[in-house]
Amino acid sequence: MNDEYLTKLGIQQWVPRCQQAEQATAQPVDLTSLEARVAACQQCELHKSRTQTVFGVGNPNADIVFVGEAPGANEDRLGEPFVGRAGQLLTKMLAAIGFERQDVYICNVLKCRPPHNRDPSKAEVAQCTPYLEEQLQLMDAKLVVALGRVAAHYLLGVETPLSRLRGQRLQFGQSQRDLLVTYHPAYLLRNPKDKSKSFSDLELAKKILETA
Ligand code: URA
């Protein structure tokens with residue numbers, strides 16, 4: 001029997017108290033409304049210096065999500081993650097394992113650019129990551145790839161050196177979703193000798209997706 005029919009009959013439906021509270025406070029739960037909330041965010045000082053927020057790009061139904069650190073100057077200008085030199089390298093790395101950018105989803109820990117590309121502060125990470133958490137939950141991808149130290153340390157809640165985290169199938173968070181850690185493309189631009197390690201990490205990502 002549907003709700004409208006019951007209401008017309010004057011029958012009030014019983015809703016548990018805890019659910020009533022949930023109904024009253026629940027935010028809309030889809031990526032588009034989350035993106036709109038992020039665009040309006042003024043929770044930290046970064047909103048004052050940003051051109052725009054940088055939410056994410058790609059296929060929201062992708063099996064694999066790449067999480068970087070924070071937008072840089074190009075991303076802040078264009079509103080899209082990984083569009084500068086590091087982004088071009090990421091696109092090439094994806095192609096090397098047979099993915100186009102539009103096959104995957106790409107986002108960052110921070111949705112606003114830290115001025116002068118400085119590292120995100122702990123407070124900024126703490127304030128911004130509820131958005132990332134919600135984004136990852138809504139997408140429900142099989143595998144998350146952390147690009148670099150900031151994403152890896154946040155998602156795993158550890159401060160272990162990246163060289164010891166990369167190259168293995170890990171799990172994170174309450175849902176114990178699969179996670180792979182690899183080098184940030186900006187690091188690889190400075191240390192090209194480690195590109196082959198990142199390439200083997202991405203090959204492992206592909207294998208994980210095939211078996212997940
Ligand atoms: N570096 C990142 O971590 N993210 C971007 O979007 C661009 C550069």
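Both backbone and side-chain heavy atoms feed into the values below; hydrogens, waters and symmetry mates do not. Indexing begins at 1, ligand by ligand and atom by atom, following the structure's order. In this chain, residues are counted from 1 in sequence order. Computed from a predicted model, the values in this text were never measured in an experiment.
Counting heavy atoms under 4.0 Å from ligand 1, residue E75 touches it through the side chain alone. Here A86 has no heavy atoms under 4.0 Å from ligand 1, in either its backbone or its side chain.
Within the listing of ligand 1, atoms 6 (O) sit less than 4.0 angstrom from a heavy atom of P81. In the vicinity of G68, heavy-atom distances shorter than 4.0 Å reach the ligand 1 atoms 3 (O). Listed by atom number, the atoms of ligand 1 under 4.0 Å from H184 heavy atoms are 1 (N), 2 (C), 3 (O). Numbered from 1 in the order shown, with element, the atoms of ligand 1 that lie under 4.0 Å from a heavy atom of E69 read 2 (C), 3 (O).
Among all non-hydrogen protein atoms, the one lying nearest atom 4 (N) of ligand 1 is N108 OD1, 2.8 Å. With hydrogens left out, the protein atom closest to atom 2 (C) of ligand 1 is A70 O, 3.1 Å, a heavy atom.
Partners of Y183 by side chain to side chain donor-acceptor pair (under 3.5 Å), not counting sequence neighbours: none found.
A heavy-atom separation below 4.0 Å is not found between E80 and ligand 1.
With hydrogens and angles ignored, the 3.5 Å screen pairs a side-chain donor or acceptor of D103 with a backbone N or O of E100. A donor-acceptor pair is defined here as one N or O able to donate and one able to accept, closer than 3.5 Å; such a pair exists between the side chain of E75 and the backbone of V83.
Contact annotation: the side chain of V104 never approaches that of N59 to less than 4.5 Å [non-hydrogen atoms, C-beta and beyond].
Annotation: K206, atom NZ; neighbour count of heavy atoms from other residues, nucleotides and ligands within 6.0 Å is above 12.
Where the criterion is an N or O separation shorter than 3.5 Å, residue side chain and backbone included, F82 meets it with respect to ligand 1.
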- Are Y187 and L162 close enough, and set up right, to give a side-chain contact (heavy atoms from CB on, under 4.5 Å), and what steps lead you there? CA-CA 11 Å; Y187 165 88; L162 195 105; over 6 Å; no
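To the nearest 0.5 Å, atoms CG (N117) and CG (D76) are separated by 9.5 Å.
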